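As a basis for the values below, the full set of heavy atoms in this structure was taken, side chains included, without hydrogen atoms, waters or symmetry mates. Predicted, not measured: the structure shown is a model, and the values here were computed from it.
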Amino acid sequence: MSIFEGAGVALVTPMNQDGSVNYEKLEEILEMQIEGGTDAIISCGTTGEASTLSEEEHINCIKFTCEKVAGRIPVIAGTGSNSTATAIELTKDAEKCGADALLVVTPYYNKATQQGLKGHFSAIAAQTKLPIILYNIPGRTGVKIEAETIVDLWKNVDNIVGVKDAIGDLSETAKVLSLSDGGVDVYSGNDDIVVPLMSLGGKGVISVLSNIIPKETHEMVAACLEGDYKKAASMQLKYYDLIKALFMEVNPIPVKKAMNLMGLDVGSLRLPLTEMEDAHAKVLASEMEKAGIKLA
């Protein structure tokens, strides 16, 4: 059984003016997501600035999220690291916090071999009962989990059940689904190709776009799950330019800017990420207005 089907949000981590985590705002945006029909919360992933959270902050965010969501929808905790030992500790702590599942990114900087990736993910999986979604994003980590490796892990490790596919190559997606006879739960990690990926058998999306339009993102994915690809495709194309604007600069710079333009006041980013350039922010605001999003 899949952890979830539909639109999961790769949630931002809101910050106070002093750079600390804004838990009051975090609760507010969690409620906004649930009210908007979001199917799962992904806490402390790339969009949540996990790479610049301390381990204490990381676990506190996951714990807070689990407590506030209170079982209404699944909470998937990001517990990846380039250190296998650190990833295992984060994983154990997330399980204690009440997470429903884990999102574990490919180790970054180390540039592990495929054998190393198998050892890394298998070691983490052995230390938890929770289901695991592998996070394949070579553009940020420097190494790709090959389709054969994903399927080998899925076949041989009971609690490795899926992959967040952020490669952006539908041929690779098709290969994973073909080799596993559709058994691997594949989630799009790219908001601009959700519908084509789901047409191949994907289960949904782990979405940045959902931070600003959760209802519409949920509806687009729900249309796919219902087999109404005409409706889904029209929505995918409607938001195409907005999605491109959300990735004009590295995520989560633009999406935090977008949320602030909406008056959600999620704060700024932690260095080395910086505020969006003015010219890019103007394009983003324009695309948001064209998409019917009300600005503050």
Side-chain angles (χ1 to χ4, degrees), residues 1-6 8 10 40 42 45-46 50-51 76-88 90-91 101-207 221 224-225 251:
M1 184 177 176
S2 301
I3 297 164
F4 78 98
E5 291 187 352
I42 292 77
T46 303
S51 58
I76 301 167
T79 59
S81 171
N82 67 326
S83 161
T84 306
T86 300
I88 287 171
L90 289 171
T91 291
L102 306 167
L103 179 69
V104 182
V105 72
T106 311
Y108 40 87
Y109 189 77
N110 312 68
K111 298 191 78 171
T113 63
Q114 295 302 302
Q115 197 61 31
L117 293 177
K118 289 179 185 179
H120 174 79
F121 290 121
S122 297
I124 296 166
Q127 297 298 318
T128 181
K129 294 178 181 177
L130 295 180
I132 292 172
I133 299 172
L134 308 176
Y135 184 6
N136 199 8
I137 183 164
R140 295 187 83 128
T141 63
V143 65
K144 180 177 82 171
I145 320 174
E146 297 292 349
E148 293 84 355
T149 301
I150 293 168
V151 175
D152 182 78
L153 285 163
W154 168 75
K155 283 181 177 177
N156 293 296
V157 184
D158 288 344
N159 56 335
I160 292 180
V161 300
V163 62
K164 178 182 176 182
D165 182 342
I167 296 178
D169 181 350
L170 289 171
S171 153
E172 286 290 308
T173 307
K175 190 174 183 182
V176 169
L177 289 165
S178 175
L179 289 172
S180 67
D181 196 23
V184 175
D185 290 340
V186 178
Y187 300 94
S188 179
N190 297 77
D191 282 304
D192 58 346
I193 55 169
V194 177
V195 174
L197 184 143
M198 290 191 69
S199 75
L200 292 169
K203 299 292 184 181
V205 62
I206 295 176
S207 172
V221 177
C224 290
L225 293 170
N251 179 50

Worksheet item: Between S2 and V161, does a side-chain contact (heavy atoms from CB on, under 4.5 Å) hold up when you go through it step by step?
Response: CA-CA 8 Å; S2 301; V161 300; over 6 Å; no

Practice prompt. Any chance you could lay out the side-chain contact (heavy atoms from CB on, under 4.5 Å) test for I76 and F4, step after step, and finish with the verdict?
Written response: CA-CA 10 Å; I76 301 167; F4 78 98; 3.6 Å; yes

Worksheet entry | side-chain contact (heavy atoms from CB on, under 4.5 Å) evaluation trace for R140 with T106 | CA-CA 9 Å; R140 295 187 83 128; T106 311; over 6 Å; no

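A side-chain donor-acceptor contact under 3.5 Å links S83 to the backbone of T86. Listed for the N190 side chain is no donor-acceptor partner under 3.5 Å among the backbone atoms of D192. Between the side chain of N159 and the backbone N or O of L130 there is at least one donor-acceptor pair closer than 3.5 Å. Listed for the T149 side chain is no donor-acceptor partner under 3.5 Å among the backbone atoms of I145. At distances below 3.5 Å, at least one donor-acceptor pair connects side-chain atoms of D165 with backbone N or O atoms of I167. Between the side chain of E172 and the main chain of E146, no donor-acceptor pair closer than 3.5 Å is present.
Counting all heavy atoms, side chain and backbone alike, L117 lies closest to K144 at CD1-O, 3.9 Å. Residue Y187 comes nearest to V205 through the heavy atom pair CD2-N, 4.3 Å, listed as atom of the first residue, atom of the second, then distance. Heavy-atom minimum distance, L170 versus P196: CD1-CB, 3.7 Å. Nearest heavy-atom pair across T91 and I124 is OG1-CG2, 3.5 Å. The minimum heavy-atom distance between L177 and V186, with the atom names listed, is CD2-CG2, 3.8 Å. F121 and V104 get closest at one heavy-atom pair: CE2-O, 3.5 Å.
Note on K175 versus E148: salt bridge recorded, some NZ/NE/NH1/NH2 to OD/OE distance being below 4.0 Å.
Atoms NE2 and CG, from H120 and N82 in turn, are 8.5 Å apart once rounded to the nearest 0.5 Å. Interatomic distance, N136 CG to T141 OG1, rounded to the nearest 0.5 Å: 7.0 Å. Atom CD1 in I160 sits 14.0 Å away from atom NZ in K155 (nearest 0.5 Å). A distance of 13.0 Å separates NZ in K203 from SG in C224, rounded to the nearest 0.5 Å. Taken to the nearest 0.5 Å, the CG atom of L200 stands 6.5 Å off from the OG1 atom of T173.
Considering only heavy atoms from C-beta on, K118 stays 4.5 Å or farther from V157 through its side chain. Contact check for Y135 versus T46: side-chain heavy atoms found under the 4.5 Å cut-off.
Results of the side-chain contact (heavy atoms from CB on, under 4.5 Å) test with I133 over L102, I3, I42, V105 single out I3 as the only residue that passes.
Residues Y108 and S51 have side chains that never bring a donor and an acceptor to within less than 3.5 angstrom of each other.
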